[in-house]
Structure formats: C-alpha cells, structure tokens
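To start, the structure under review is shown below, and the notes come after it.
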Amino acid sequence: MSLSLQAPLLFGLASALIASLGLLAVALRRDWTARQSGLIALGAGGMLATLCLMHIIPEALIMGGHGGRFLLTGFLAGLLLSFAAGAVFPENIAGGPAAAITPLLAIATHSFLDGVVYSVSFSASFESGVYAAMPLILHEFAEGIIAFAVLARHGVALRAALLYAFFAAAATTPLGVVLSAPFMAGLGEATIAILFAISAGLLLYVATGPLMKPLQEEAPARAGGALAAGVLAGLLILSLPLHAGHDHG
C-alpha cells in the first residue's frame with residue numbers, strides 16, 4: 001500500500017480514536033468536558049486557519065492554474081452542505097430526539113468529509129496532508145463531545161447517545177478515507193490539484209465557520225486565549241521539517 005493510502009488511513013483512525021476519547025471523557029466527567037469543548041474547537045479553528053492561509057491555500061494556488069475558483073467552490077460547498085442539512089431536517093421539529101437530527105447529520109457529514117480531505121491532501125503532498133490533518137484531529141475531541149451533548153440535550157439515553165455520537169463523530173472519518181483513498185491513486189496531477197483546491201476551500205469554511213461558533217458563547221478572554229493558542233500551535237507545526245516522498249501511486 002502506497003504512502004498516499006497508508007497515511008490518510010492512519011490519520012483517519014487517529015481521528016476516530018480522538019473522537020472516542022472525547023466521548024469517554026464526557027461519559028466520565030460530563031460537566032467539565034462540556035465546558036471545555038468550545039475552547040478546544042476554537043483552538044483547532046485558530047490552528048486550521050493558520051495552516052490554511054500560510055500553507056494549504058498557497059500550495060493549492062501553485063498546483064493549479066484555476067485554484068482560486070475551486071477554492072471558492074470548496075468554501076461554498078461547505079456552506080451549502082450545512083444549509084442543506086438544516087433545510088432537510090429543520091431543528092424546529094417539536095422537541096425530543098428528532099430535533100437532534102440536523103446537528104447530528106451535520107457532524108456526521110463534516111466528519112466524513114474530513115476523511116475525504118485526508119485522502120486528497122496526502123495525494124497532493126505529505127506535508128499538506130499533515131498540515132490538514134493535525135488541526136482536524138485536534139477538533140475531533142470537541143466534535144465527539146458536541147455530538148454527545150446534542151443527543152443528551154434532546155433526551156436520548158446515555159448508552160444510545162454514546163453509540164450514536166460514536167457513529168456520527170468517530171466512525172465516519174475513517175469511512176471517508178476508505179471510500180475515497182482508492183480513487184486518489186488513479187487520478188492525474190491536474191485532477192488532484194482541483195480536488196486539493198476544493199478541499200482547501202472546505203477547510204477554510206470549517207476553520208472560519210463551525211469551529212468559530214464558540215466565539216459567541218465563551219467569555220472574550222477565554223475565547224481569545226484559545227484562538228491565540230491555536231494560531232501559535234499552527235505556526236509551530238509550520239516550523240517542523242515535514243518531508244516524505246511524493247507518491248500518487
């Protein structure tokens with residue numbers, strides 16, 4: 001199995017593990033982890049925005065002559081997917097577990113697309129794969145907690161909430177890798193460049209949209225500190241010497 005298949009699968013499984021640890025933490029210390037989930041998401045958002053703006057997007061623009069339009073396509077796709085989930089499963093369904101469908105579907109879709117992003121990014125280059133994967137793995141911890149919190153808040157029993165949250169936030173990421181990675185190996189460089197630009201736009205949406213929502217919920221000092229920590233972590237990752245053979249096969 002080539003590096004372009006091994007690496008995204010490894011990071012996809014790591015994402016599932018981190019999301020599962022988030023579920024374990026919330027099961028053991030529900031109140032504390034719920035309070036910290038917003039700060040974790042903000043830290044991941046700051047890291048992802050930094051890596052996107054300083055490496056992933058510039059590389060996408062260099063790889064393809066029409067990278068800008070595909071970056072916009074990816075960004076708008078993330079926005080439209082979120083809107084579509086809300087339109088198909090409106091949150092104003094009268095109370096109970098049914099009201100959790102929209103946010104849970106959004107989490108599952110986002111987590112699945114994380115796996116696809118891993119496949120595309122590692123097909124572009126090892127460095128880009130690592131830069132894309134690191135903040136996404138970090139935010140999986142918060143994603144697991146959020147998925148559980150959504151279900152618990154809408155009256156789903158503890159065991160069922162943990163199980164459904166695992167499928168939505170954890171299992172979907174390696175599933176996205178498994179279903180998408182085999183197709184990456186047979187694609188030409190031009191197609192990889194297009195897909196990478198689209199995924200970069202999607203990553204930018206994730207960084208500036210879903211991961212920034214806690215800015216409205218957290219105290220300004222705590223939110224700013226978490227965001228700054230994420231930016232610094234992103235800069236630290238960018239300073240690391242990440243090199244590996246480039247392999248599309």
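Applying the under-4.5 Å side-chain rule to Ile, Leu, Val, Met, Phe, Trp and Tyr, the cluster around Ile198 extends to Phe70, Ile194. The hydrophobic cluster around Leu236 extends to none of the other residues, as no ILVMFWY side-chain heavy atom falls under 4.5 Å of it.
In this structure, Ser121 contributes its side chain and Gly129 its backbone to no donor-acceptor pair below 3.5 Å.
Using a 4.5 Å heavy-atom threshold, the side chains of Leu204 and Ile57 count as touching.
Taken from CG in Leu39 to CD in Glu217, the straight-line distance is 10.5 Å, to the nearest 0.5 Å. Annotation: the span from Ser123 atom OG to Phe183 atom CZ amounts to 12.5 Å, rounded to 0.5 Å. To the nearest 0.5 Å, atom CG of residue Leu42 and atom CE of residue Met212 are 6.5 Å apart. The line from CG of Leu71 to CG of Leu202 is 11.0 Å long, rounded to the nearest 0.5 Å. A distance of 8.0 Å separates CG in Leu227 from OG1 in Thr50, rounded to the nearest 0.5 Å.
The two residues Ala207 and Ala49 make their nearest non-hydrogen contact at CB-N, 3.7 Å. Of all non-hydrogen atoms in Ala223 and Leu215, the two that sit nearest each other are CB-CD2, 3.9 Å. Of all non-hydrogen atoms in Ala168 and Ser111, the two that sit nearest each other are O-CB, 3.6 Å.
Under the side-chain contact (heavy atoms from CB on, under 4.5 Å) criterion, Ala233 pairs with Met47, sequence neighbours left out. Applying the salt bridge (charged side-chain N to carboxylate O under 4.0 Å, His left out) rule to Arg69 yields no partners; only residues at least two apart in sequence or on another chain are considered. With sequence neighbours excluded, the residues satisfying side-chain contact (heavy atoms from CB on, under 4.5 Å) with Leu72 are Leu76. Listed by chain and residue number, Val116, Thr172, Leu175, Leu179 satisfy the side-chain contact (heavy atoms from CB on, under 4.5 Å) test with Phe112 (two or more places apart in sequence, or in another chain). Contacts of Ala229 classified as side-chain contact (heavy atoms from CB on, under 4.5 Å), with partners at least two apart in sequence or in another chain: none.
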For Leu235 and Met54: C-alpha separation, side-chain torsions, deciding distance, then whether side chain to side chain contact (heavy atoms under 4.5 Å, CB included) applies.
CA-CA 9 Å; Leu235 293 173; Met54 297 192 67; 3.5 Å; yes

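Atom CD of Gln216 has 12 or fewer heavy atoms from other residues, nucleotides or ligands within 6.0 Å. Heavy atoms of other residues, nucleotides or ligands lying less than 6.0 angstrom from OH of Tyr205 number more than 12.
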Just list the side-chain donor-acceptor pairs under 3.5 Å for residues 9-23, sequence neighbours left out, or say none.
unit_1 : atom_1 : unit_2 : atom_2 : d
Ser15  : OG     : Phe11  : O      : 3.0
Ser15  : OG     : Tyr118 : OH     : 2.6
Ser20  : OG     : Ala16  : O      : 2.8

